[in-house]
Amino acid sequence: QVQLVESGGGLVQAGDSLRLSCTASGRPGGTYGMGWFRQTPGKEREFVAHITWNGADTYYANAVKGRFTISRENAKNTAYLQMNNLKPEDTAVYYCAVIVFGPAGREAAVASKSYDYWGQGTQVTVSS
């Protein structure tokens, strides 16, 4: 069992930055891929970014490439999502998730069904 707690969401203006954090507990060593998804009311949960267990590979949705950066500190069991130049369309609930048992690679990383554990979500609101 892995527990995930997100933090760092809030209300900002377009062009501002935010950094989300996701801290995992229950499985030592950080030997799992970590991802961020987001969801708005009435829409499917959307892939945002993923980082492999050792940080060697990262994947991003086209909508955030060049603006968002995912990173992790395994010693702290924490992943981060640095979000720069935020836009109103980035407004969503952001969820952290981990792949513990599933396959690696981009194809798995972008699919929400690949993830085994999810956090409760943190709201990000970007005003124009």
Side-chain angles (χ1 to χ4, degrees):
Q1 189 80 5
V2 176
Q3 295 79 41
L4 302 170
V5 178
E6 301 104 331
S7 61
L11 171 63
V12 297
Q13 294 187 328
D16 285 350
S17 298
L18 277 177
R19 189 176 81 156
L20 305 183
S21 298
C22 172
T23 300
S25 61
R27 185 179 179 93
T31 55
Y32 39 77
M34 300 184 78
W36 288 94
F37 285 73
R38 64 188 183 187
Q39 190 171 25
T40 53
K43 292 191 176 181
E44 296 278 324
R45 198 164 289 189
E46 174 188 36
F47 169 74
V48 175
H50 177 91
I51 187 166
T52 53
W53 71 273
N54 59 358
D57 294 300
T58 56
Y59 311 113
Y60 296 95
N62 289 335
V64 307
K65 202 173 292 184
R67 299 188 298 122
F68 291 12
T69 302
I70 189 170
S71 61
R72 65 189 296 166
E73 287 187 78
N74 283 350
K76 296 183 179 180
N77 287 331
T78 299
Y80 305 98
L81 186 68
Q82 177 67 42
M83 305 185 295
N84 298 330
N85 190 22
L86 282 160
K87 303 176 180 181
E89 51 264 43
D90 294 318
T91 295
V93 177
Y94 283 72
Y95 296 91
C96 172
V98 297
I99 299 176
V100 176
F101 306 109
R106 181 179 176 84
E107 185 173 346
V110 302
S112 60
K113 65 181 180 180
S114 299
Y115 291 77
D116 301 296
Y117 300 100
W118 292 82
Q120 82 288 349
T122 185
Q123 177 70 47
V124 172
T125 303
V126 185
S127 64
S128 57

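Side chains included, hydrogens not; waters and symmetry mates left out as well; all remaining heavy atoms used.
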Q: For side-chain contact (heavy atoms from CB on, under 4.5 Å), just list the numbers for Arg45 and Trp118, CA-CA rounded to whole Å, side-chain angles, deciding distance to a tenth of an Å, and then say yes or no.
A: CA-CA 12 Å; Arg45 198 164 289 189; Trp118 292 82; 3.2 Å; yes
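- Within the 3.5 Å criterion, the main-chain N or O of Pro88 finds no donor-acceptor partner in the side chain of Ser128.
- In summary, Asp90 and Arg38 engage in a salt bridge, as defined by a charged side-chain N under 4.0 Å from a carboxylate O.
- Here the shortest heavy-atom pairing between Ala108 and Ile99 reads O-CD1, 4.2 Å.
- Listed by first then second residue, pairs satisfying side-chain hydrogen bond (donor to acceptor under 3.5 Å, both in side chains) with a partner in residues 3-16 read Gln3-Ser25, Glu6-Gln120, not counting sequence neighbours.
- A donor-acceptor pair is defined here as one N or O able to donate and one able to accept, closer than 3.5 Å; such a pair exists between the side chain of Tyr60 and the backbone of Ile70.
- Using modelled atom types and a 3.5 Å distance limit, the side chains of Thr23 and Thr78 yield a donor-acceptor pair.
- Side-chain contact check for Val93 versus Thr122: every heavy-atom pair is 4.5 Å or farther apart.
- The minimum heavy-atom distance between Leu4 and Cys22, with the atom names listed, is CD2-SG, 4.0 Å.
- Shown here for Tyr94 and Val48, the closest heavy-atom pair between the two residues is CE2-CG2, 4.3 Å.
- The neighbour count for Lys65 NZ, taken as heavy atoms of other residues, nucleotides or ligands under 6.0 Å away, is above 12.
- The shortest non-hydrogen separation linking Leu81 to Ala49 is CD1-CB, 4.1 Å.
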Q: Could you go through the side-chain hydrogen bond (donor to acceptor under 3.5 Å, both in side chains) check for Ser17 and Asn84 one step at a time?
A: CA-CA 4 Å; Ser17 298; Asn84 298 330; 2.9 Å; yes
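- In this structure, Tyr117 and Tyr32 have side chains that are not in contact, with every pair of non-hydrogen atoms separated by 4.5 Å or more.
- Summarising the geometry of Met83 relative to Val124, their closest heavy-atom pair is CE-CG2, 3.9 Å, with the distance given to 0.1 Å.
- Between atom CG of residue Asn77 and atom CE of residue Met34 there is a gap of 7.5 Å, rounded to the nearest 0.5 Å.
- A ring-ring contact (aromatic ring centres under 6.0 Å, His included) with Tyr115 holds for exactly one of Tyr95, Phe37, Phe101; it is Phe37.
- Side chain of Thr58 to main chain of Ile51: no donor-acceptor pair is present (N/O by atom type, distance under 3.5 Å, no hydrogens or angles).
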Q: Evaluate the criterion side-chain contact (heavy atoms from CB on, under 4.5 Å) for residue pair Val12 and Thr125; output intermediate values, then yes/no.
A: CA-CA 6 Å; Val12 297; Thr125 303; over 6 Å; no
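- Under the 4.5 Å side-chain contact rule for hydrophobic residues, Tyr80 and Val64 do not share a cluster.
- The main-chain N or O of Thr52 is found under 3.5 Å from a side-chain atom of Arg72 such that the two form a donor-acceptor pair.
- When side chains are defined from C-beta on, Phe68 does not count as touching Leu18, because their heavy atoms never get closer than 4.5 Å.
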